[in-house]
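Everything below concerns the one structure shown next.
Each residue takes its place number in the sequence, starting with 1. Note: hydrogens, waters and symmetry copies are ignored here, and every other heavy atom, side chains too, is used.
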Amino acid sequence: MKSFNYASTSSIKENLTSLILGVALIVIPIVYPFGIRIGAKPILGPVPTTILMIIAGLYMLYTAYRKIRQARALSAKGGVITVDDNQVTYPIIRKGSVEQENFSIAEVSETSYDEEDGILTVALNDGKTIKFDVDFFDSLDQLKEFAALLQK
C-alpha cells in the first residue's frame, strides 16, 4: 500500500503570484487609467481598458480563492490518496464537503499530464475523467510516482 498526501500545506504561498497579479490588475487601472494604442491609432480608451483589466483581476482572484479554499478543505479532512494493490482511493470536494471515492487501476484507459496547468488527467474505461492537481501534492515527484503506479 502506498499513500500520497493530497492536501497543500501552504496554499496561500502557492497562489501568491495569482493574488498579487489579480490585485495589481484591479488597482493599477483605477489609480492610473490608460488606454491601448497601436502606433497613433487608439484601440481602447481608458474606461474600457480599466473595465477589462478589473474583470481579469477579479477572475484571477476568484480562481486563487477557489484553490485556497479547496486546499484548506482537503487539509482539514486529511486529504490522502491511497494506492492499495489494484484500488485507488482519493478525496474529492463536492458542495463544500470532502468525500472519498475509488477506482480500480484496471479501469484506467489513459493518463495524461498537462505541464502548463499542472494537472494529471486520468480517463477511465466508463468515460469518467478524474483530475489531480500538482499543487495539492507535496511535490512534482510525488505526482509522477502516483502516475507511474496508475500505468502498471
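One hydrophobic cluster, built from ILVMFWY side chains closer than 4.5 Å, cannot hold both Ile26 and Leu16; they sit in different ones. By the criterion of side-chain heavy atoms lying less than 4.5 angstrom apart, applied directly or through intervening Ile, Leu, Val, Met, Phe, Trp or Tyr residues, Val134 is not grouped with Val80; the two fall into different hydrophobic clusters. Transitive grouping of hydrophobic side chains (ILVMFWY, heavy atoms separated by less than 4.5 Å) keeps Val27 and Tyr62 in distinct clusters. Both Tyr113 and Val88 belong to a common hydrophobic cluster when Ile, Leu, Val, Met, Phe, Trp and Tyr are linked at side-chain heavy-atom distances under 4.5 angstrom.
Under a 4.5 Å side-chain heavy-atom criterion applied to ILVMFWY residues, the cluster that includes Tyr32 comprises Leu21, Leu25, Ile28, Phe34, Met53, Met60 as well. The hydrophobic cluster containing Val47, built from Ile/Leu/Val/Met/Phe/Trp/Tyr side-chain heavy atoms closer than 4.5 Å, also comprises Ile51, Ile55.
In terms of heavy-atom proximity, Thr49 sits nearest to Gly35 at OG1-CA, 3.8 Å. When all heavy atoms of Pro48 and Gly45 are compared, the pair lying nearest together is CD-O, 3.4 Å. The minimum heavy-atom distance linking Ala106 with Asn86 is given by the pair N-OD1, 3.4 Å.
Atom-to-atom distance recorded for Gln87:CD and Asn102:CG is 5.0 Å, nearest 0.5 angstrom. One finds the CD1 atom of Ile81 at 4.5 Å from the CZ atom of Phe146 (value rounded to the nearest 0.5 Å). One distance of note links CD1 of Ile105 with CG of Leu124; it measures 11.5 Å at 0.5 Å rounding. Here Tyr59 contributes atom OH and Ser18 contributes atom OG; the two are 10.5 Å apart, rounded to the nearest 0.5 Å. Separating the CD1 atom in Ile38 from the CG atom in Leu44 is a distance of 9.5 Å, to the nearest 0.5 Å. In this structure, Ile54 CD1 and Leu61 CG are separated by 11.5 Å, a value rounded to the nearest 0.5 Å.
Applying the salt bridge (charged side-chain N to carboxylate O under 4.0 Å, His left out) rule to Lys131 yields no partners; only residues at least two apart in sequence or on another chain are considered. Legend: residues meeting salt bridge (charged side-chain N to carboxylate O under 4.0 Å, His left out) with Glu110, ordered by chain and number and at least two apart, are absent.
Within the structure, salt bridge (Lys or Arg N to Asp or Glu O under 4.0 Å) pairs that include any residue of residues 139-150 comprise Lys2-Glu145 (at least two apart or interchain). Identified under the salt bridge (Lys or Arg N to Asp or Glu O under 4.0 Å) test for residues 57-67, with sequence neighbours left out: Lys67-Asp133, Lys67-Asp135.
The aromatic rings of Phe132 and Phe103 are tilted relative to each other, their planes meeting at an angle between 30° and 60°.
Annotation for Ile30: atom CD1 counts as buried by contact number, over 12 foreign heavy atoms lying within 6.0 Å.
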| task | Begin with the C-alpha distance, continue with both residues' side-chain angles, and end with the deciding distance and a verdict on side chain to side chain contact (heavy atoms under 4.5 Å, CB included) for Ile68 and Leu19. | result | CA-CA 11 Å; Ile68 291 168; Leu19 292 170; 4.2 Å; yes
